[in-house]
Amino acid sequence: MAIANRYEFMFFIQCVNGNPNGDPDMGNSPRVDPEDMRGYITDVAIKRRIRNYVQAAYSQDEGMAIIMQSGSNINKFIAKSKELSGVEVTAKDKKSIESARKCACAQFYDVRTFGAVLSTGPNAGQVRGPVQITFAKSIDPILPLDISITRMCVAEGDKDKDFEYYQDLEDKTAEDKLRTMGRKQFIPYGLYEARGFISANLAEETGFDEKDLKILFESILNMYEHDRSASKGEMSVISPLIIFKHVGTDSDETQRIRQCKLGCAAAHKLFETVSISKKEHVQLPRDYTDYDCKVKLAAVPKGVEVGFLCDPYSEIVWGNIPSEADWIYT
């Protein structure tokens, strides 16, 4: 069964000596807001890493395939969904499209989580995903740097030649010509805040259930642990995830179920209960412990529970900040 509660959540991403999300239109320089110089990471980049983790950890499980795979053509997966649903690939009537759409939601984790446009080839309609994630924005301004690096070898010569050709070319080239220069873009440090929203109403349409929810939170905490690269430096999601769950207040069960789905407070009011700032003695933060993160549990509106997830494989702790989250306090 689909989830029955609305959720909001937030998490923090730390980047040390890396490029958290390069802009290809700016020479792959770290993305930055030119007005306040705070860095950002796009929602697309975050969802890409969630997909990568799910594919690595759960690809063998039924219903856990990923449709947005690197270096693939999604139209083949749309065609497969139509075939598995028992309709003609070329069918464009409403009933056939809906059958293929439901089949795609059942097969692909990212379709029932984030949604997808499934009309780029064979038409399987469109899916509005219950999970949406914002751009992650740095708490303080970042300092994008561009430094020179030396590559101790070259990659020259005509294409499609054999080993002897390249060996001869190397032998005829002076040693100082067998090196080249390159560039590396990075920031010394940045702590980014990201926010997410989960709709129980849209979850009903895609079949996003409690298992999918648990895997989502697991993936967020793990997404950089299995996505290391030289360009990214040292990136981590700092635990715990802060989760707001709408549970309702009404004594009437029918009304309470409705409140759980629609919510009991505006999302921005929930996020306002969390504040993060540099510690007084810190001028240039270089670690997440240089910040204080406060959660005002008493200010959370009625009908909403606050949960904390420190370990991707443990249970959410509701109502009390776990001792493992020593940098967060009420």
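This structure is a prediction, so every number in the text was calculated from the model and none was measured.
- Heavy-atom contacts from other residues, nucleotides or ligands closer than 6.0 Å to CD of Glu62 number 12 or fewer.
- Residues Ile142 and Val32 have side chains in contact (heavy-atom distance under 4.5 Å, counting atoms from C-beta outward).
- Going from atom CZ of Phe244 over to atom CZ of Phe197 covers 11.0 Å, rounded to the nearest 0.5 Å.
- Counting heavy atoms from C-beta on, the side chains of Leu143 and Ile187 never come closer than 4.5 Å.
- Shown here are the side-chain hydrogen bond (donor to acceptor under 3.5 Å, both in side chains) partners of Ser236, two or more places apart in sequence or in another chain: there are none.
- Here Leu270 contributes atom CG and Ile243 contributes atom CD1; the two are 13.0 Å apart, rounded to the nearest 0.5 Å.
- By the 4.5 Å heavy-atom criterion applied to side chains, Met10 and Val274 are counted as neighbours.
- Applying the ring pair (Phe, Tyr, Trp, His ring centres under 6.0 Å) test to residues at least two apart or on different chains, the pairs with a partner in residues 302-327 are Phe12-Trp327, Tyr288-Trp327.
- Ring centroids of Phe217 and Phe9 are separated by less than 6.0 Å, placing the two rings close together.
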| message | side chain to side chain contact (heavy atoms under 4.5 Å, CB included), that's the test. Do Thr173 and Glu156 meet it? Break it down for me. | response | CA-CA 11 Å; Thr173 304; Glu156 297 179 351; 5.7 Å; no

| said: If you apply the rule side chain to side chain contact (heavy atoms under 4.5 Å, CB included), what do you find for Phe11 with Ile238, and how did you get there? | reply: CA-CA 7 Å; Phe11 56 97; Ile238 304 303; over 6 Å; no

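- Thr206 places no side-chain N or O within donor-acceptor distance of the main-chain N or O of Gly129, the cut-off being under 3.5 Å.
- The closest side-chain heavy-atom distance from Cys260 to Lys245 is not below 4.5 Å.
- With a 4.5 Å cut-off on side-chain heavy atoms, Met223 and Val237 count as touching.
- Between the CD1 atom in Ile220 and the CD1 atom in Ile215 there is a gap of 12.5 Å [rounded to 0.5 Å].
- Put simply, CG on Leu241 and CG on Asp311 are 11.5 Å apart, with the number rounded to the nearest 0.5 Å.
- Remark: side-chain polar atoms of Arg38 are paired, donor with acceptor, to backbone N or O of Ser138 under 3.5 angstrom.
- Panel note: side chain Ser72, backbone Gln69; a donor-acceptor pair is recorded below 3.5 Å.
- Of the inter-residue distances, the one linking Lys137 atom NZ with Ile41 atom CD1 reads 12.0 Å to the nearest 0.5 angstrom.
- Considering only residues two or more places apart in sequence or on other chains, Arg286 meets the side-chain hydrogen bond (donor to acceptor under 3.5 Å, both in side chains) condition with none of them.
- Leu178 places none of its side-chain heavy atoms less than 4.5 Å from the side chain of Cys153.
- Side-chain N or O atoms of Tyr166 include one that pairs as donor or acceptor with a backbone N or O of Asp158 at under 3.5 Å.
- For the side-chain hydrogen bond (donor to acceptor under 3.5 Å, both in side chains) condition, the pairs that include at least one residue of residues 253-281, sequence neighbours left out, are Glu204-Lys261.
- When side chains are defined from C-beta on, Asp36 counts as touching Asp33, because their heavy atoms get closer than 4.5 Å.
- Within 6.0 Å of CG on Asp160 lie no more than 12 heavy atoms contributed by other residues, nucleotides or ligands.
- Screening residues 13-54 for ring pair (Phe, Tyr, Trp, His ring centres under 6.0 Å), with sequence neighbours left out, gives Tyr40-Phe135, Tyr53-His226.
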Side-chain donor/acceptor pairs under 3.5 Å, residues 99-122, sequence neighbours excluded:
residue : atom : partner : partner atom : Å
Ser99   : OG   : Lys95   : O            : 3.0
Arg101  : NE   : Gln126  : O            : 3.0
Gln107  : NE2  : Ser81   : OG           : 2.9
Tyr109  : OH   : Asp212  : O            : 2.9
Tyr109  : OH   : Leu216  : N            : 3.2
Asp110  : OD1  : Ile67   : N            : 3.0
Asp110  : OD2  : Arg51   : NE           : 2.9
Asp110  : OD2  : Ile67   : N            : 3.2
Asp110  : OD2  : Met68   : N            : 3.1
Arg112  : NE   : Asp212  : OD1          : 3.4
Arg112  : NE   : Asp212  : OD2          : 2.8
Arg112  : NH1  : Gly63   : O            : 2.8
Arg112  : NH1  : Cys105  : O            : 3.0
Arg112  : NH1  : Ala106  : O            : 3.4
Arg112  : NH2  : Gly63   : O            : 2.8
Arg112  : NH2  : Asp212  : OD1          : 3.2
Thr113  : OG1  : Tyr109  : O            : 2.7
Thr120  : OG1  : Asn75   : OD1          : 2.6

| field | side-chain hydrogen bond (donor to acceptor under 3.5 Å, both in side chains) between Glu218 and Tyr58, worked out | value | CA-CA 12 Å; Glu218 175 189 328; Tyr58 293 99; 2.8 Å; yes

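- Applying the ring-ring contact (aromatic ring centres under 6.0 Å, His included) test to Phe186 and every residue at least two apart in sequence or in another chain returns nothing.
- The environment of Arg183 atom CZ is dense: over 12 non-hydrogen atoms of other residues, nucleotides or ligands sit within 6.0 angstrom.
- A donor atom on one side chain and an acceptor atom on the other are not found under 3.5 Å apart for Ser199 and Asn201.
- Applying the salt bridge (charged side-chain N to carboxylate O under 4.0 Å, His left out) test to every pair with at least one member in residues 72-82, sequence neighbours left out, gives no pairs at all.
- In terms of heavy-atom proximity, Ile13 sits nearest to Ala136 at CD1-CB, 4.4 Å.
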| task | Test Ser219 against Asn222 for side-chain hydrogen bond (donor to acceptor under 3.5 Å, both in side chains), laying out the working first. | result | CA-CA 5 Å; Ser219 301; Asn222 276 332; over 6 Å; no

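- For Tyr291, there are no ring-ring contact (aromatic ring centres under 6.0 Å, His included) partners, not counting sequence neighbours.
- Annotation: side-chain hydrogen bond (donor to acceptor under 3.5 Å, both in side chains) contacts of Asp61 (sequence neighbours excluded): none.
- Summarising the local packing, CE of Met181 is surrounded by more than 12 heavy atoms from other residues, nucleotides or ligands at distances under 6.0 Å.
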| task | Verify side chain to side chain contact (heavy atoms under 4.5 Å, CB included) between Ile276 and Glu193, making sure each step is shown before the conclusion. | result | CA-CA 9 Å; Ile276 183 167; Glu193 176 191 304; 4.2 Å; yes

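- Sorted by first and then second residue, the pairs that involve residues 7-30 and meet side-chain hydrogen bond (donor to acceptor under 3.5 Å, both in side chains), not counting sequence neighbours, are Arg6-Glu8, Glu8-His246, Gln14-Tyr189, Asn21-Arg31, Asn21-Thr42.
- Ion pair Glu164/Lys161 not flagged as a salt bridge, since none of the NZ, NE, NH1 or NH2 atoms sits closer than 4.0 Å to an Asp/Glu carboxylate oxygen.
- In this view, Lys177 satisfies the side-chain hydrogen bond (donor to acceptor under 3.5 Å, both in side chains) rule with no residue, not counting sequence neighbours.
- Ile328 and Ile321 make their closest contact through O-CG2, 3.6 Å (heavy atoms, listed as atom of the first residue, atom of the second, distance).
- In this structure, the separation between CZ on Arg179 and CG on Asp176 is 6.0 Å, given to the nearest 0.5 Å.
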